[in-house]
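The analysis underlying the following values was restricted to heavy atoms, covering all of them including side chains, and did not include hydrogens, waters or symmetry mates. Chain naming here is simple, since letters A, B, ... match the order of the sequence lines and numbering starts at 1 in each.
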Amino acid sequence: MADQPTSMERLIQGILPENPVYRQLLGLCPTLAVTSGMKAAITMSCAVAFVLLSANVIVSLIRNLLKPHLRIVIFTLTIATFVTIADRILAAYMYQMSKTLGPYVPLIIVNCIILCRCEVCASKQPLFTAVSDAVGQAAGFALALSSIAAVREILGTGMFFEIRVLPASWPDWVIMVLPPGAFLTLGLLLGAVNWMGSLHSKNKQGKEGGEKT
Amino acid sequence: MEPKQPKPPIASTLERLKNRYIVQAWLVLILTLCFGGTLAGVQLTLGPIIETNKLNETIQRVPELILGADQARKMEKQGRSLSVEPLSLGVEKHGRKVFYNVYDAKSNGERIGWVVKASGQGYADKIELLIGLDPPNEKITGLFILEQKETPGLGNKIAADYWRSQFINKNVRTPLVVIRGGVKPANGIDAITGATISSRTVTNIINTAVSDLKEPLSLHAASVSRAKDEP
């Protein structure tokens, strides 16, 4: 078997080089749906982080007992349990927010990021690596969600975290808060991240080439 | 001599099959039990809190819907509060029974109004309203939008104060109608520009709820007052 990445590599990879939204294009459903405001985006990221961390911990602890053909059942079972817990906690302590997020909290169950991390990392690597992987991926997801939400909320309502940042004369671009705004913002940011990535790798290649000659 | 019965090998293969599936799934079964127990525990601890959240969301609105915002604030300052009793009233409609959640608001034992929860399909999604009515069920005393996902910037103005306030003090003996500009009759409601469907939905929900509940509310009021008189 090929060498598995270390915990530090896992942590760093999750944030940008393997960002779940911008690089792996996973978990796009909540990315598009709940990024009309910063508060909703941050709450969603926290819920995903909680589920991701808990699922990775459980799966990593039982990884030696897993049977290949039953592993997905166990992943789904674990994820569904923690999502339900997160959903109940939100409904009990952040009732308004849980109403805003609506069905997107239960939908974390089918969020591919978590299933992917269980399969790729937690079911193969020890606890500490699985935890740092979860932290890295959750941070990457939060980064993606909050960057999209920041653009949409500021342009769409002139506010950031529901505090006015643009002058009152700003004509709110309502379309940014509507579903098309989500697609536009995601597309443009995705393009920007890829463009920066390609610039970065070109620089690297140039340098390496220079050293050789 | 009896021929040997071929039963034992069949039983053993059956057993082996059984063993295989159960043994292989032991982790799934144990996890299911553990997770089931955890979820039951979570529900037991958080369930009551969620229920009160849901009820509070409505009951907090009751004074404002019946007395108006100013009166409600004054009452809160004086430390008085209304007693609110949630009821569920059934109405027979098109052969089906429809239930409305009604909140019976009383101050010092005397009824000062009703709050009715009603909903209907809006432009984007379900719209859920709280309608405040005076005791004889003739005048609207307040309107609050509990839930709506109408278009931001257009339809979601149904939740704005200036639009909702035109319903206050409207007489509901004649159904309300949505008017687009021009002269308004006494039972007319101004449509929101660009959101006629949302405006119409809200008005229709109110009309339906009021006409549906006309009889049940008066029956309920009569039965309660009779019960009070008898003993």
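Around CZ of Phe161(A), the count of heavy atoms belonging to other residues, nucleotides or ligands within 6.0 Å exceeds 12.
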Under 3.5 Å, which donor-acceptor pairs link chain B to chain A? Give each pair on its own line with the distance.
| from | atom 1 | to | atom 2 | distance (Å) |
| --- | --- | --- | --- | --- |
| Gln24(B) | OE1 | His69(A) | NE2 | 2.9 |
| Gln43(B) | OE1 | Arg88(A) | NH1 | 3.3 |
| Asn53(B) | ND2 | Ala91(A) | O | 2.9 |
| Asn53(B) | ND2 | Ala92(A) | O | 2.9 |
| Glu57(B) | OE2 | Lys99(A) | NZ | 2.6 |

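Ala92(A) and Ile49(B) get closest at one heavy-atom pair: O-CG2, 3.5 Å.
Only the side chain of Val42(B) comes within contact range of chain A, judged by heavy atoms closer than 4.5 Å.
Within the model, atoms CG of Leu27(B) and CG of Leu70(A) stand 8.5 Å from one another, a figure rounded to the nearest 0.5 Å.
Considering only heavy-atom pairs separated by less than 4.5 Å from chain B, the leading option among Val177(A), Ile85(A), Ile58(A) is Ile85(A). Contact count versus chain B (heavy atoms, under 4.5 Å) is highest, among Leu66(A), Val73(A), Leu178(A), for Leu178(A). Here Ala91(A) is the residue among Ala91(A), Gly156(A), Ala80(A) with the most heavy-atom pairs under 4.5 Å with chain B.
Not counting sequence neighbours, Arg200(B) has no partner by the salt bridge (charged side-chain N to carboxylate O under 4.0 Å, His left out) test.
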